[in-house]
Amino acid sequence: MTASNVAMLSSMSVDRIEDIRMAAEEAFIYACSTEPGADLSISFDVDSEHVGMTFELGDVAFAEPSEEDPTSAYVDLILGAVCDSYEKREDPATLVLMLKADV
């Protein structure tokens with residue numbers, strides 16, 4: 001909801017607001033499943049041209065995609081398609097998403 005509200009305040013279209021909501025939801029679910037019960041910090045970087053979200057997972061390792069657990073590949077696919085920029089960083093584990101305004 002916070003991501004959607006931020007996008008709305010940034011004068012983004014309804015379709016772009018939905019993209020941001022989906023990206024935030026996918027990143028949140030993935031971050032929480034990476035190390036259940038661990039602390040998660042989410043920050044927003046917003047201006048009239050973009051919305052950035054950073055999910056800081058701390059000292060955990062991202063799982064490699066596998067046939068037994070394709071979650072990481074699915075998240076990479078969704079976030080790579082929806083975001084203008086999507087990056088996984090190590091040490092500390094961080095997801096960095098950026099979506100440009102379309103209006």
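All residue numbers in this chain count up from 1 along the given sequence.
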Grouping I, L, V, M, F, W and Y whenever their side-chain heavy atoms are under 4.5 Å apart, do Val75 and Val96 come out in a common cluster?
no
If two hydrophobic side chains count as joined below 4.5 Å and joins carry through other members, does Leu77 share a cluster with Phe28?
no
When you look at OH of Tyr74, are more than 12 heavy atoms from neighbouring residues, nucleotides or ligands closer to it than 6.0 Å?
no
Measuring only between side-chain heavy atoms, which start at C-beta, is Thr54 closer than 4.5 Å to Leu95?
no
Please tell me if the side chains of Leu97 and Leu79 come closer than 4.5 Å, counting only heavy atoms from C-beta onward.
yes
Would you indicate whether the side-chain heavy atoms of Met98 and Val51 approach each other to under 4.5 Å?
no
When you measure from the side chain of Thr34 to the backbone N and O of Cys32, does any donor-acceptor pair fall under 3.5 Å?
no
When rounded to the nearest 0.5 angstrom, what distance separates CD1 in Ile17 from CE in Met12?
8.0 Å
Can you find a pair of side-chain heavy atoms, one from Met53 and one from Ile20, that are under 4.5 Å apart?
yes
In Å, rounded to the nearest 0.5 Å, how long is the span from CD1 of Ile29 to CD1 of Ile78?
11.0 Å
Does atom CZ of Phe62 have more than 12 heavy-atom neighbours from other groups under 6.0 Å away?
yes
Go through the steps for Glu26 and Val82 under the test side-chain contact (heavy atoms from CB on, under 4.5 Å), then give the verdict.
CA-CA 10 Å; Glu26 290 296 332; Val82 172; over 6 Å; no
Please list all pairs passing the side-chain hydrogen bond (donor to acceptor under 3.5 Å, both in side chains) test where one or both residues lie in residues 79-88, with sequence neighbours left out.
Arg16-Asp84, Tyr30-Lys88, Ser72-Lys88, Asp76-Tyr86, Asp76-Lys88, Glu87-Arg89
Quick check: closest heavy atoms across Ala24 and Phe55, and the distance to 0.1 Å?
O-CZ, 3.8 Å
For Cys83 against Ala23, the heavy-atom pair lying closest together:
SG-CB, 3.9 Å
Donor-acceptor pair, Asp102 side chain versus Ser13 backbone, under 3.5 Å?
yes
